[in-house]
Amino acid sequence: MAQNEKILAGVLEIFRHNPQKQYRVDQIEREARRERLGNFTELIKALSFLEHEKKIITDGKGQYQLAKENTIVEGIFKANDKGFGFVKLDDEEADDVFVAADYTKYAIDGDRVKVKITAGGNPWNGKGPEGQVEEILERGIDSLVGEFHPLTDEQKKVSHFIGYALSNNKKLHKYRVYLSENGLIPQMGDMVKVSIKDYPEEDYPESMTGAVINIIGNKNDPGVDIMSIVSAHDVRTEWPEDAMKQANAIPDHVTEGDKKGRVDITDQPAVTIDGDDSKDFDDAVVVWKLPNGNYHLGVHIADVSHYVTENTPLNDEAFARGNSTYLVDRVIPMLPFRLSNGICSLNEGVERLVLSCDMEITPEGKRVGYKIYPSVMRSHGRMTYNKVNQTLKGDMDGLEDKYVKLRPMLEDMADLHTALYKQRHKRGAIDFEEPEAKIVVDDQGKPTDIVLHERGTAEKMIESFMLMANETVAEDFYKKQVPFLYRVHETPDAERIKTFFEFCSAFGLNVHADPNDIKPLDLQKVVSKTTGTPEEAVVQMMMLRSLKQARYSEDALGHFGLAAEYYTHFTSPIRRYSDLMVHRMIHAYQEKGMSEETQKHFESYLPDVAEQTSTQERRSIDTEREVNDLKMTEYMADQVGQHFDAVVASVTSFGMFIQLPNTVEGLIHISNLTDDFYSFNEKSMTLTGRGTHKQYKVGMPIKVTLINANVEQHQLDFEVYDPNAPKKKHNDRGMNNRKRGNRGFHNDHGHRGGGNYNSRGNRRGHEHVTSKNRKGHRSFKH
């Protein structure tokens with residue numbers, strides 16, 4: 001039976017507004033007339049249809065009521081600063097449950113809750129289910145970072161509190177955390193970390209209690225802003241004494257004993273190629289032509305596992321950190337600098353211990369042989385991406401001798417990369433090229449510039465070599481059928497892909513592929529079709545949203561984005577624990593053989609390593625992103641009132657996110673679209689004006705004016721630029737009603753040569769990761 005969706009939606013809303021009430025037909029008719037929902041016959045049809053769909057029930061005596069939904073489900077409470085919230089259910093496919101402000105049971109953002117569904121969703125108008133929180137099962141936070149406000153002496157006497165802390169996090173900003181006198185005693189304006197004792201409740205809906213556990217520093221001191229974010233994300237910055245003691249006892253040069261059982265490759269012209277400001281070099285590469293016309297590719301990786309062994313304080317701390325975190329003006333390393341910039345770093349001209357992966361590759365880019373073994377190398381050159389790119393262009397002006405001398409090898413490397421890239425492309429690897437933004441800050445931590453950096457051949461070539469080594473190692477140990485750690489990126493859900501294909505057809509792109517059996521090649525074709533078109537950015541972004549998040553696993557589940565059957569992380573053990581673990585297993589299997597005992601040993605704790613490294617990776621990405629958001633907002637803060645060219649990066653029901661050419665993002669809230677009333681279409685991701693029929697869609701160029709910059713909450717608000725509009729006063733409070741979802745296509749495969757000041761800058765390679773947040777948008781930074 002064809003039904004008028006507007007009538008169905010409207011009638012169901014009448015019931016949903018009053019889930020407990022029993023309606024007679026005449027009452028429904030009265031409500032329906034008020035809403036102008038159609039005539040009596042249509043109404044009766046709608047009622048019988050809704051009853052058939054089990055959306056409403058009848059007592060058989062002419063009374064109707066919403067079908068009782070009282071199911072109890074569990075999920076994570078996501079707060080909105082207006083008081084209401086949504087519960088994200090454990091079932092991936094289920095819609096979020098809306099919880100009105102009165103029914104949250106004072107849950108705070110991130111709490112795990114039991115929620116009773118009081119009204120099911122309304123499929124005809126896209127409204128999700130509604131419910132009320134029954135019980136708070138587990139607290140999402142046990143500490144927070146905020147600014148300290150002292151109480152007066154009088155207040156202190158009466159209350160026994162010394163003051164309160166206020167978080168900058170928009171979702172926690174309304175809560176005052178009153179601090180007891182038995183913690184640390186900060187000064188006014190200090191940023192402090194507090195542990196929470198009592199949570200909001202009926203008598204105190206907007207306050208908590210706690211104690212100060214760390215004083216980060218005065219909010220106006222350089223660097224305190226970044227360290228407050230680091231502390232809020234629980235990124236570890238202090239080294240335990242026993243770990244430092246162990247690090248300081250490690251010799252700063254390779255000893256004769258270290259070389260036992262290793263191949264000497266010091267005469268090979270291996271070089272490191274990294275960003276200008278990198279200081280930790282964990283990979284070196286060498287290439288030469290073999291007599292049979294094939295290439296020899298050697299990838300030599302710092303042998304960190306020789307120094308950081310199981311069951312030692314240093315290993316425990318590296319495991320707890322999981323990886324290094326690269327921020328705008330500093331690195332929080334996984335290993336102390338003495339190791340990461342010293343004995344473990346492949347510095348020019350000194351002997352270093354490495355794990356080598358030698359591969360023989362045909363001119364077409366097919367690997368025909370390989371060998372993985374421990375060795376001793378000496379770097380024949382610390383090279384930079386910029387200078388290698390200059391060399392490859394044939395511009396030798398002002399370059400050091402090493403570039404002149406090794407130029408033929410660098411040219412062979414570029415040729416080998418072209419062949420490897422072709423092979424990857426042929427099998428379906430999904431390739432995205434996105435300019436990378438680097439935020440330049442002065443010595444006070446103030447942002448002075450945002451520089452865009454396009455990756456050149458040197459960056460892509462190192463990426464190709466790292467990918468090849470990672471795949472080779474993964475395949476070797478998979479075929480040996482021993483426990484191993486893999487980097488996996490699973491096939492995306494059919495439902496998400498179906499939605500993506502529907503989105504494509506709104507752009508006139510017809511995709512011929514089966515969502516239930518999707519192959520990387522199918523998606524790669526979509527990318528190729530849109531390359532160079534105005535739709536390119538939006539189609540890529542929507543595709544990234546439909547992909548899963550890459551992670552670590554003890555099972556070889558393949559890597560969808562790279563179209564690789566086997567993949568691991570082997571090339572960055574200085575800055576990733578996953579790679580250190582992979583090295584440790586390679587050594588053990590080579591030295592002790594594949595005995596059952598060795599296999600059982602690794603099998604017992606590999607799942608823990610996979611989980612910890614995946615979790616810590618998310619933590620670092622979130623911290624890096626938040627620091628970037630802060631510095632970008634700070635950079636824009638004195639440009640309020642100025643006009644910019646931008647593109648629409650994503651469209652939501654509450655407005656649209658726009659991106660400036662320097663990758664800075666902000667929101668044009670729906671309330672700032674004042675020339676018309678705009679309605680949102682989720683399928684085509686558009687906002688359309690009712691009167692003007694003006695349409696905003698993703699990827700569209702647009703001229704905007706910056707109207708607010710709220711540095712504390714890292715928020716930029718824009719409006720559409722209208723040259724004829726009267727001048728208005730702009731404030732810098734920022735609009736407090738949204739935050740982008742954390743959707744990243746985080747690119748990490750291959751690796752980044754670390755070192756200070758590089759904001760994850762020379763990020764090598766890109767591996768596809770998208771977060772599961774369907775609602776929000778974050779541009780996919782590589």
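The figures that follow rest on heavy atoms only: side chains count, while hydrogens, waters and symmetry mates do not.
- If you check the side chains of S167 and H173, you find no donor sitting under 3.5 Å from an acceptor.
- Here I497 contributes atom CD1 and I518 contributes atom CD1; the two are 5.0 Å apart, rounded to the nearest 0.5 Å.
- Defined by atom type and a distance below 3.5 Å, a donor-acceptor pair is present between the side-chain atoms of T688 and Q695.
- Separation of atoms CD1 (I14) and OH (Y64) is listed at 13.0 Å; rounding is to 0.5 Å.
- No hydrogens or angles considered: nothing links the side chains of K519 and Q524 as a donor-acceptor pair under 3.5 Å.
- Of all heavy-atom pairs between G131 and V97, the closest is N-CG1, 3.5 Å.
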Report the C-alpha separation of E138 and D111 in whole Å, then their side-chain angles, then the decisive distance to 0.1 Å, and conclude whether the side chain to side chain contact (heavy atoms under 4.5 Å, CB included) test is met. CA-CA 6 Å; E138 199 185 323; D111 284 355; over 6 Å; no
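- Environment of NZ in K174: crowded, with over 12 heavy atoms of neighbouring residues, nucleotides or ligands closer than 6.0 Å.
- Around the CD atom of E611, the shell of radius 6.0 Å holds no more than 12 heavy atoms that belong to other residues, nucleotides or ligands.
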Steps toward side chain to side chain contact (heavy atoms under 4.5 Å, CB included) verdict (L716, N708): CA-CA 6 Å; L716 296 171; N708 300 309; over 6 Å; no
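- Taking CG of D517 as the reference point, atom OG1 of T491 lies at 8.5 Å (rounded to 0.5 Å).
- Without hydrogens or angle criteria, N39 side chain to E42 main chain gives a donor-acceptor distance under 3.5 Å.
- Side-chain atoms of P200 and E206, non-hydrogen and from C-beta on, never get closer than 4.5 Å to each other.
- Between R112 and E74, at least one side-chain N (NZ, or NE/NH1/NH2) sits under 4.0 Å from a carboxylate O, which counts as a salt bridge.
- Judged by distance alone, with hydrogens and angles left aside, the side-chain atoms of E626 form no donor-acceptor pair with the main-chain N or O of D622 at under 3.5 Å.
- Nearest heavy-atom pair across L47 and V25 is CD1-CG2, 4.4 Å.
- At least one side-chain heavy atom of N710 sits less than 4.5 Å from a side-chain heavy atom of Q713.
- Taking the six-membered ring where tryptophan is involved, the planes of Y164 and H149 are essentially parallel, since the angle between them stays under 30° and well short of 60°.
- Distance check: K525 NZ to H512 NE2 gives 10.0 Å after rounding to the nearest 0.5 Å.
- Applying the 6.0 Å contact sphere to CZ of F161 captures more than 12 heavy atoms from other residues, nucleotides or ligands.
- Residues L523 and L547 have side chains in contact (heavy-atom distance under 4.5 Å, counting atoms from C-beta outward).
- F49 and H52 have tilted rings, their planes meeting at an angle from 30° to 60° on a 0 to 90° scale.
- At a threshold of 4.5 Å between non-hydrogen side-chain atoms, the residues F500 and V526 count as touching.
- In this structure a side-chain-to-backbone donor-acceptor pair under 3.5 Å is present from T652 to G655.
- In this structure, the side chains of Y696 and I668 stay at 4.5 Å or more apart for every pair of heavy atoms.
- D555 places no side-chain N or O within donor-acceptor distance of the main-chain N or O of L557, the cut-off being under 3.5 Å.
- Counting heavy atoms of neighbouring residues, nucleotides and ligands inside a 6.0 Å radius, atom NZ of K703 exceeds 12 of them.
- Put simply, the side chain of K105 gets close to the backbone of E134: a donor and an acceptor are under 3.5 Å apart.
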Under the side chain to side chain contact (heavy atoms under 4.5 Å, CB included) criterion, do V704 and V720 qualify, and how do the steps go? CA-CA 5 Å; V704 297; V720 179; 5.5 Å; no
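- Within the cation-pi definition used here (under 6.0 Å to the ring centroid, within 45° of the axis), R139 qualifies as a partner of Y199.
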Set out, in order, the CA-CA distance, both residues' side-chain angles and the distance that settles side chain to side chain contact (heavy atoms under 4.5 Å, CB included) for D645 and L660, then state yes or no. CA-CA 6 Å; D645 288 315; L660 306 188; over 6 Å; no
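- The backbone N or O of E495 sits nowhere less than 3.5 Å from a side-chain atom of D493 that would complete a donor-acceptor pair.
- With contacts defined as side-chain heavy-atom distances shorter than 4.5 Å, the pair E502/K498 qualifies.
- Contact check on K694 versus D675 returns a salt bridge, with a Lys/Arg side-chain nitrogen under 4.0 Å from an Asp/Glu carboxylate oxygen.
- Ring orientation note: the planes of F560 and H489 are nearly perpendicular, at an angle over 60° on the 30°/60° scale.
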Can you check salt bridge (charged side-chain N to carboxylate O under 4.0 Å, His left out) on K78 and D109, steps first, answer last? CA-CA 5 Å; K78 299 281 176 206; D109 191 59; 5.3 Å; no
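- Looking at every heavy atom in both residues, L37 comes nearest to V11 through CD1-N, 3.9 Å.
- Within the 3.5 Å criterion, the main-chain N or O of H233 finds a donor-acceptor partner in the side chain of R619.
- Here the CZ-CE distance, from R496 to M543, works out to 14.0 Å after rounding to the nearest 0.5 Å.
- D676 and T692 are linked by a side-chain donor-acceptor pair at a separation below 3.5 angstrom, with hydrogens and angles left out of the test.
- Heavy atoms from other residues, nucleotides or ligands lying under 6.0 Å from CZ of F680 number more than 12.
- Here M542 contributes atom CE and F503 contributes atom CZ; the two are 4.5 Å apart, rounded to the nearest 0.5 Å.
- A salt bridge links E490 with R551: the closest approach of a Lys/Arg side-chain nitrogen to an acidic carboxylate oxygen falls below 4.0 angstrom.
- A heavy-atom distance below 4.5 Å is not found between the side chains of L137 and V113.
- For T531 (side chain) and V527 (main-chain N/O), a donor-acceptor pair under 3.5 Å exists by modelled atom type.
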Would you sort out whether E13 and R16 count as a salt bridge (charged side-chain N to carboxylate O under 4.0 Å, His left out), showing the intermediate values? CA-CA 5 Å; E13 279 310 294; R16 288 177 79 228; 2.7 Å; yes
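- A donor-acceptor pair under 3.5 Å is absent between the side-chain atoms of Y678 and the main chain of F654, judged by distance alone.
- Under the side chain to side chain contact (heavy atoms under 4.5 Å, CB included) test applied with S650, the options M656, R545, E665 reduce to a single match, R545.
- Here the shortest heavy-atom pairing between H643 and T705 reads ND1-OG1, 2.9 Å.
- Here the closest non-hydrogen pair linking M541 and A649 is SD-O, 3.0 Å.
- Inter-residue side-chain proximity for Y23 and Q63 is flagged as unmet; no heavy-atom pair is nearer than 4.5 Å.
- Relative ring orientation between F86 and F98 is described as perpendicular, the plane-to-plane angle rising above 60° on a 0-90° scale split at 30° and 60°.
- The backbone N or O of T209 sits nowhere less than 3.5 Å from a side-chain atom of D198 that would complete a donor-acceptor pair.
- Closest approach of D234 to S143, counting heavy atoms only: OD1-OG, 4.2 Å.
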